[in-house]
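As structure tokens, the structure follows; a few thoughts come after it.
One-based numbering, in listed order, for ligands and for the atoms of each.
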Amino acid sequence: MAESRFVEVSREEPIAVLTLNRPEVLNALDFELMTELADRLEELDADPAVGCAVLTGRGRAFAAGADIGEMAGLGVVDLLDRQPFAVWRRIDRVRMPLVAAVNGYALGGGLELAMACDIILAAASARLGQPEIRLGIIPGAGGTQRLPRRIGRYRASEWILTGARYTAQEALEAGLVNRVLPDDQLLDAARELARTIASRPRQAVRAAKEALRASERLPLGEGLRLEQHLFQALFATADKEEGMRAFLEKREPRFTGR
Ligand code: DAK
């Protein structure tokens, strides 16, 4: 795996832990960091030995948003030329599940990155929000679409229109995070959850992720059709045979990912 400046990868098969490592600026997401993150995630996604990844941040932040220093120098032509949105689409296309372990600030693009993951665990001291409005912009990596779908339109309106920061407990009550953990237990809890997911049959896990993510964009009828197709496809896998046979034989299944 290639070396990264800002994204540390710890392979702990069958999982991997990716740590955003730019703590001096609270892991501000500049173009280089985002590109490295997409590169590393794609490499891990293509690796059959890895079934789930944890994403977290070094220091006081998960990520305090896009790099304001970098953004300040950009005009609209730079956005059109550099296509900064493309790297976010690459992260959205990762097929293995991602667990966000939000260890501190998750603001703006940092929260959008957490929301691009499939499950969010938060440390008790974490602070979350979409402060873009204070800078004269709006969320640009999914916040206006994903936040209302996750916490409801009125609550999302308040978060996005005020730019306020919220505690992990408030995020839990809003339904934005799965669990709040004492700070020193966050990473172990995320690892354990990731290991459980990685132990499940790989093709079924991917299919479930695809269907779950589609539920946010497809009308119900189309979503149900997608679910049916994915369900049917799994009947061609060896792991479906093994999973059901193991149940009937009252033994632990031995999945191969095939
Ligand atoms: N960018 C650059 N530097 C940042 C930063 C950021 N987002 N956040 C913090 N830093 C830097 C600070 O400037 C400071 O650097 P030095 O002064 O030491 O050189 C260092 O990190 C420590 O921060 P503070 O001194 O401010 O620490 P405090 O504890 O006092 O405050 C804070 C922590 C998180 C409350 C504060 O740092 C803060 O408010 N940070 C900015 C949060 C913010 O506004 N984030 C939203 C940015 S807008 C897009 C996709 C996504 C986006 C845009 C486009 N496309 C696909 C095109 C997303 C946009 C955003 O996220």
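- Of the protein's non-hydrogen atoms, the one nearest atom 50 (C) of ligand 1 is Ala141 CB, 3.5 Å.
- Here the straight-line distance linking atom CG of Leu230 with atom CG of Leu234 works out to 7.0 Å at 0.5 Å rounding.
- Contact annotation for atom 19 (O) of ligand 1: protein absent (non-hydrogen atoms, distance under 4.0 Å).
- Side-chain atoms of Arg251 never come within 3.5 Å of backbone atoms of Phe247 as a donor-acceptor pair (strictly under, hydrogens ignored).
- With hydrogens and angles disregarded, no donor-acceptor distance shorter than 3.5 Å links the side chain of Asp45 to the backbone of Val94.
- Atoms of ligand 1 lying under 4.0 Å from at least one heavy atom of Asp67, given by number and element, are 1 (N), 2 (C).
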Does the pair Gln169 and Thr167 meet the rule for a side-chain hydrogen bond (donor to acceptor under 3.5 Å, both in side chains), with working shown? CA-CA 5 Å; Gln169 187 59 35; Thr167 63; over 6 Å; no
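- Within the 4.0 angstrom cut-off, atom 7 (N) of ligand 1 has one or more protein heavy-atom neighbours.
- Leu29 has its side chain within reach of Leu113: a pair of non-hydrogen atoms, C-beta onward, lies under 4.5 Å apart.
- Under the 4.0 Å distance rule, the nearest protein heavy atom to atom 25 (O) of ligand 1 falls outside the cut-off.
- In the candidate list Val25, Asp30, Leu29, Ile68, Ile68 is nearest to atom 2 (C) of ligand 1, counting heavy atoms.
- By the 6.0 Å and 45° rule, Arg22 stacks over the aromatic ring of Phe6.
- Heavy-atom contacts of Leu135 reach the following atoms of ligand 1: 44 (O), 47 (C), 48 (S) (cutoff under 4.0 Å).
- Comparing Ala61, Gly108, Ala64 against atom 43 (C) of ligand 1, the shortest heavy-atom distance belongs to Ala64.
- Residue contact check: Ala28 has heavy atoms under 4.0 Å from atoms 1 (N), 2 (C), 6 (C) of ligand 1.
- Proximity to Leu107 (heavy-atom distance under 4.0 Å) selects the following atoms of ligand 1: 34 (C), 42 (C).
- When atom types are taken as modelled, the side chain of Asp118 and the backbone of Leu98 share a donor-acceptor pair closer than 3.5 angstrom.
- For atom 56 (C) of ligand 1, the nearest protein heavy atom is under 4.0 Å away.
- The shell of residues lying under 4.0 angstrom from ligand 1, judged by heavy atoms, excludes Arg127.
- The protein non-hydrogen atom at the shortest distance from atom 36 (C) of ligand 1 is Leu26 CD1, 4.5 Å.
- Comparing Ala106, Ala66, Gly65, Gly59 by heavy-atom distance to atom 58 (C) of ligand 1, the nearest is Ala66.
- Cation-pi geometry between Arg82 and Phe31 is met: the NZ or CZ atom falls under 6.0 Å from the ring centre, inside 45° of the normal.
- The number of heavy-atom neighbours closer than 6.0 Å to CD of Glu13, taken from other residues, nucleotides and ligands shown, is above 12.
- Counting only heavy atoms, the protein never gets under 4.0 Å from atom 38 (C) of ligand 1.
- With rounding to the nearest 0.5 Å, the separation of OH in Tyr166 from CD in Gln130 is 10.5 Å.
- Polar contact check, Leu79 against ligand 1: no nitrogen or oxygen pair lies under 3.5 Å apart.
- Proximity to Gly109 (heavy-atom distance under 4.0 Å) selects the following atoms of ligand 1: 58 (C), 60 (C), 61 (O).
- Counting the atoms of ligand 1 from 1 in the order shown, those under 4.0 Å from a heavy atom of Pro84 are 56 (C), 57 (C).
- Salt bridge absent: Glu192 and Arg195 never bring a charged side-chain N and a carboxylate O closer than 4.0 Å.
- Taking 4.0 Å as the cut-off, Glu24 counts as a neighbour of ligand 1 on heavy-atom distance.
- The shortest heavy-atom distance from Arg165 to ligand 1 is under 4.0 Å.
- Screening Arg95, Arg202, Arg11 against Asp47 for a salt bridge (charged side-chain N to carboxylate O under 4.0 Å, His left out) leaves a single residue, Arg11.
- When each of Leu74, Asp81, Leu79 is tested with Val77 by the rule side chain to side chain contact (heavy atoms under 4.5 Å, CB included), just one qualifies, namely Asp81.
- For ligand 1, the polar-atom distance check against Arg60 finds a nitrogen or oxygen pair separated by under 3.5 Å.
- Of the protein's heavy atoms, none falls inside 4.0 Å of atom 30 (O) of ligand 1.
- Among Glu170, Arg150, Arg146, the one residue that satisfies the side chain to side chain contact (heavy atoms under 4.5 Å, CB included) test with Leu176 is Arg150.
- Residue contacts with ligand 1, taken as heavy atom pairs separated by less than 4.0 Å, involve Tyr105 solely via side-chain atoms from C-beta onward.
- At a distance under 4.0 Å, a protein heavy atom can be found next to atom 45 (N) of ligand 1.
- Counting protein heavy atoms under 4.0 angstrom from atom 13 (O) of ligand 1 gives zero.
- Scored by the ring-ring contact (aromatic ring centres under 6.0 Å, His included) test, Phe235 finds Phe231 as partners (sequence neighbours excluded).
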